[in-house]
Amino acid sequence: MHRRLIAPGALAAASVLLAIPASAASYSPGAPGIGDPYYPAYGNGGYDVSHYDLRLKYQPATDELEGTATLLARTTQDLSRFDLDFLLDVSEVRVNGAKASFTTSGEHELEITPKSPLAKGTSVTVVVRYSGVPSSKQAYGFTSWHRTPDGGVGANEPESAWWWFPSNDHPLDKATYDVSVLVPDGSQAISNGTLQSTSSRLGWTRYNWRSNKPQATYLATLAVGKFDITTGTTESGIPVINAYSKDLGDNAGAARASIERTGEVADWLSGYFGPYPYNALGGYVPNTTTGYALETQTRPFYSPRQFANGSNVSVVVHELAHQWYGDLVSVAGWKDIWINEGFARYAQWLWSEHEDEGTAQELADYVYAAHPADDPFWTVKPGDPGPDNQFDIAVYDRGALALQALRNEIGDDAFFAILKGWPQKYAYGNASVADFRTYAEQISGQSLSALFDTWLFQPSKPAAPAAVRTSVAPVQPKSWKKIAATNDVH
């Protein structure tokens, strides 16, 4: 479902400043991309957002969305113009209270020219008023907005914000969020974080959600529909809100039997990764036809298809592991996706051990043996897979193999110290595969360049002794089918 062939974004043109006084000569447009080589047009240059305040009204029957987005940001250069990533129809933009001119360009760029240029280091308030039908919008031939029988959902990776709020859409620019959504009575609005309040008037109900820790734009989510909602608290005291579409049919029981264990799984993961990093927890299952799950921060998105063959706690483990690996510590660039997916997959292997359904080593042996040397699986480099292979199964399974190889190389004490220490070192920020290798070397006291190169960057099958302890063809671990059933997750 992911698209990997993205036309490169145009570089910002050099400003022609001959007629401008020398004092203004340093002002130039912000780049239309943040600089990620996988997606050159994603994100933007020239500013950094600290907070999004989204005040929305959504009509499930027609998929009409109205919104006012207020962005609090700070400029990182002398700025004459800047872009936001967005697809809906804009009626007005204000920058620091003054009306700004705006236009669109490329597939998803909203170009904004403030009334007065913005000096580097300036605090900026940007207000965008907009409306539209998200399901009618496409960019690069796809949509990240999922229409459901009773509403709609914004959830996708590496992009979903464009369909419901204007943003600097790249994990490098994390921010806090207030999301306030007005929906007809009888529908509910689900988003990230804590539900601050609800209020009803004249047939409409407003839901006010807050995410008080930095959150990447692709991890922000919105779902409107008719849900059964459960609430509770983990053993460690974190409030849990789960939501299930009322028309999940035969998948309803299996979905609940899996996601209602969210608190248990999060507490268990904290033993490996450190304290749960947020003040909210949960998951939601809308009635979508898509097959994937996604680690939307504090409240993962699950497709009903994840539970078509019965309960699957392994997918819950995967998405909750991302709350540390992917959400708390986000990629510095999309090439660093192994930091997300390899670790979330390895968490599933650890859960398999916990459930006595196969050890991590047995799973590693099985995965290694299942792919012969000429399998294209080994040509994908998890440490830099390329945009076409960003979510290839090798990033998950070969990525987890790399972690088992690391565990065998440095021993359990150092390995589990790294698993727990890494999210703390880069908490609420961003990091790269190179950063992880450096950290692993610091903690283990060993040079690991050869191991990382072999498992993450060589397009060939590593030699057997580094991966498996036996030459006998391994038996399929009991947990394998449930793990394999999550191959469409993120």
Side-chain angles (χ1 to χ4, degrees), residues 9 12 15 24 27-35 41-57 65-132 134 137 139 154 159-181 191-192 208-212 214-220 222:
S15 299
Y27 290 91
S28 60
I34 208 167
Y42 286 25
N44 305 284
Y47 64 94
D48 186 87
V49 180
S50 61
H51 184 73
Y52 292 91
D53 183 273
L54 308 177
R55 194 166 181 86
L56 311 173
K57 181 180 181 180
L65 178 69
E66 300 174 34
T68 300
T70 303
L71 285 65
L72 307 182
R74 183 172 294 274
T75 56
T76 57
Q77 70 179 67
D78 290 335
L79 209 55
S80 61
R81 190 188 77 217
F82 62 93
D83 287 15
L84 294 172
D85 301 301
F86 196 46
L87 290 175
L88 298 186
D89 303 320
V90 174
S91 59
E92 182 182 80
V93 177
R94 289 181 179 266
V95 177
N96 292 338
K99 281 190 176 182
S101 60
F102 60 91
T103 187
T104 59
S105 65
E107 293 272 351
H108 67 278
E109 300 290 332
L110 174 64
E111 294 184 359
I112 298 170
T113 303
K115 187 174 182 180
S116 302
L118 304 170
K120 181 179 179 179
T122 299
S123 294
V124 181
T125 301
V126 182
V127 178
V128 182
R129 298 183 188 275
Y130 58 93
S131 62
K137 302 293 185 180
E159 67 293 285
S160 66
W162 313 341
W163 284 264
W164 63 285
F165 70 97
S167 68
N168 191 17
D169 192 27
H170 191 277
L172 277 176
D173 194 355
K174 300 165 80 167
T176 55
Y177 285 75
D178 281 309
V179 179
S180 177
V181 191
S191 192
N192 314 81
N208 296 299
W209 295 90
R210 171 167 289 175
S211 295
N212 69 346
Q215 176 175 287
T217 42
Y218 84 94
L219 298 173
L222 173 65

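These numbers were taken from a predicted model, which means no experiment stands behind them. For the numbers below, each heavy atom of this structure counts, side chains included, while hydrogens, waters and symmetry mates do not.
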Derivation of the side-chain contact (heavy atoms from CB on, under 4.5 Å) call for Phe102 and Val128
CA-CA 10 Å; Phe102 60 91; Val128 182; over 6 Å; no

When rounded to the nearest 0.5 Å, the distance separating CG of Leu88 from CD of Glu66 is 11.5 Å

Any donor and acceptor pair, going by atom type alone, linking the side chain of Asp78 with main-chain N or O of Lys120 inside 3.5 Å?
yes

Heavy-atom count around Arg129 CZ within 6.0 Å, excluding the residue itself: above 12?
no

CG-CZ distance between Leu84 and Phe165, expressed to the nearest 0.5 angstrom:
10.5 Å

Is it true that Asn208 and Ser180 share a donor-acceptor pair across their side chains at a distance under 3.5 Å?
yes

Mind telling me whether Phe86 and Tyr130 have parallel, tilted or perpendicular rings, with 30° and 60° as the class edges?
perpendicular

Please tell me if the side chains of Lys115 and Val95 come closer than 4.5 Å, counting only heavy atoms from C-beta onward.
no

What are the two closest non-hydrogen atoms of Pro29 and Ser80, and how far apart are they?
N-OG, 3.1 Å

Kindly say whether Ser50 contributes a backbone atom to a donor-acceptor pair with the side chain of Thr176 at under 3.5 angstrom?
yes

Starting at OG1 of Thr113, measure out to CZ of Arg81 and round the result to the nearest 0.5 Å.
6.0 Å

What heavy-atom pair brings Ala100 and Ile112 nearest, and what distance separates the two atoms?
CB-CG2, 3.9 Å

When you measure from the side chain of Thr75 to the backbone of Thr122, do you find a donor-acceptor pair of N or O atoms at a distance under 3.5 Å?
yes

Do Leu222 and Leu56 touch side chain to side chain, with heavy atoms closer than 4.5 Å?
yes

Are Lys174 and Gln215 packed together at the side-chain level, in the sense that at least one heavy-atom pair is separated by less than 4.5 angstrom?
no

Please check if any side-chain donor atom of Thr217 sits under 3.5 Å from a side-chain acceptor atom of Asp169, or the reverse.
yes

Are any non-hydrogen side-chain atoms of Val126 and Tyr47 less than 4.5 angstrom apart?
no

State plainly whether the residues Asp178 and Arg210 are in salt-bridge range, i.e. N to O under 4.0 Å.
yes

Tyr42 and Leu172, any side-chain heavy atoms less than 4.5 Å apart
no

Determine whether a donor-acceptor pair (N or O, by modelled atom type, separation under 3.5 Å) exists between the side chain of Trp163 and the backbone of Lys137.
yes

Side chains of Glu109 and Asp85: closer than 4.5 Å at any heavy-atom pair?
yes

Nearest 0.5 Å, what's the CG-CG distance between Asp53 and Leu72?
8.0 Å

Roughly how far, to the nearest 0.5 Å, is CD of Gln77 from CZ of Phe82?
11.5 Å

Here the gap from Ser167 atom OG to Leu71 atom CG, rounded to the nearest 0.5 Å, amounts to 8.0 Å

What closest approach, in Å, do Ser160 and Ala220 show between heavy atoms, and which atom pair accounts for it?
OG-O, 3.9 Å

Please check: side-chain N/O of His170 versus main-chain N/O of Gly35, any donor-acceptor pairing under 3.5 Å?
no

Please check: side-chain N/O of Asn44 versus main-chain N/O of Asp83, any donor-acceptor pairing under 3.5 Å?
yes

Can you check whether Asn192 reaches Val179 side chain to side chain, under 4.5 Å on heavy atoms?
no

